[in-house]
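Heads up: the structure comes next, in structure tokens.
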Amino acid sequence: MDSFQYRNGILFCEDVSLADIAQQVGTPFYCYSSTHLKARFRAYEKGFGNRKHLICFAVKANSNLAVLSCLASLGAGADIVSGGELYRAVKAGISPEKIVYSGVGKTEEEMAFALEQGIAMFNVESLEELKTLSKVAKGLGKKAPVAFRVNPDVDPKTHPYISTGLKKNKFGLSPEQALDAYKEAATDPNLTVVGIDCHIGSQIVEMDPFLDAFERVKNMVKKLEDMGINLSFVDIGGGLGISYKGENPPSPEEYISAVVDKAQDMPQTIVVEPGRSICGNAGVLVTKILYTKDNGEKEFYIVDAGMNDLGRPSLYDAYHEIRAVKEPSSPGTKQVDVVGPICETGDFLARDRVLPELTSGALLAVMSAGAYGFTMSSNYNSRPRVAEVMVYGDKFHVVRNRESWDDLISLEHIPQEVSC
Ligand SMILES: *Cc1c(COP(=O)(O)O)cnc(C)c1O
């Protein structure tokens, strides 16, 4: 499905013109389609059919409260990686018993908050973390539900920065280490062993790595059963890719049905932690051309959004399709770099891209920007973070205000007692 389509030459999100939003909200802004979010979530549900499951949206992909609340209303859980994400998830109405907590560096304070909320499970990534969790649980008179993140050592054939399931990555435990960890956890009165978890990477567009990993996890589950450890949750992580540039990943439904097929003989609830595949193509970043420039060798569209607003191109050399919000009347094109105002050579949204011939003032939509866009944005160069807008059919709402210059300095102090 594509929730962003031209109507009479103007790019719309659902039934709202992006040009109209720009006029009312200013630029740059992120715009999300609630209908797209819902459709992607439902595609996961469809794959599960009537199998016991839990779909935990990976909050780090897009943590806006309106996005979370939209998914919560469909019954989504959350995969969180910090106390802040837990705080957001709960505020947005996601029930704690549908929340799983991932990440290699949980602090005691974060663990305590999660225990008090009563989350479904902690995906533990090291023995030291396990000890700390046990201590925190004991202090609160609670039992912590734990799963171990195992590292199935499959190569997800993806970008090295975002592949996490190889031995050399910092994530998870090897299967051997995990078995020892399970033994230890099973005898700890402050812990309840409830699950197993893996997450092999991101933007994976083939089925095989997922199914390989699942087989390995399934073997572990059997080994654990033989040891007398029975699990309630098998968490297969996130990582399903989307189409940025013609990739053709399996649909959530295809992917999940294949897993469900392999899990026929398993009584556990299957947990999945999708991020990008729910929200990636639900969002765009709309930016305005401030200046066009030709330095003799290259041509540039200098736009009002930069790497601080959308970091993926400079961080991962990621490709985002760019469309003119108003289809130009003349068919002329040129090859340009689309660059931001930041004082870094790496500040680009696209390089050597063939785009319509446009003039300053024209609006561009950077496509597929709904995941790891706003959440990775920063105030670098003292740039206020941009507004976020959500479209609901023929209506839109600002779901995060554009930051002001006052916001930029609101937490800072100039000490009066000292002189520099
Ligand atoms: C990032 C992450 C996800 C979500 O990954 P996507 O590629 O966005 O689906 C899920 N689980 C864990 C543990 C993660 O770190």
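Atoms within a ligand are numbered from 1 in the order they appear, just like the ligands themselves.
Listed by first and then second residue, the salt bridge (charged side-chain N to carboxylate O under 4.0 Å, His left out) pairs that reach into residues 384-393 are Arg385-Glu403, sequence neighbours excluded. Pairs passing the side chain to side chain donor-acceptor pair (under 3.5 Å) check and including a residue from residues 229-240, sequence neighbours excluded, read Asn123-Asp235.
Figure legend: Arg351 and Phe348 shown as a cation-pi pair, the cationic atom lying under 6.0 angstrom from the six-membered ring centre and within 45 degrees of its axis. Figure legend: Arg353 and Tyr319 shown as a cation-pi pair, the cationic atom lying under 6.0 angstrom from the six-membered ring centre and within 45 degrees of its axis.
The 4.0 Å heavy-atom shell around ligand 1 contains residues Ala58, Lys60, Asp79, Ser102, Arg149, His199, Ser202, Gly238, Gly239, Glu273, Pro274, Gly275, Arg276, Tyr372, ordered by chain and number.
Between Tyr6 and Phe12, a ring centre-to-centre spacing not shorter than 6.0 Å is recorded.
A search for salt bridge (Lys or Arg N to Asp or Glu O under 4.0 Å) contacts involving Asp309 returns Arg383, not counting sequence neighbours.
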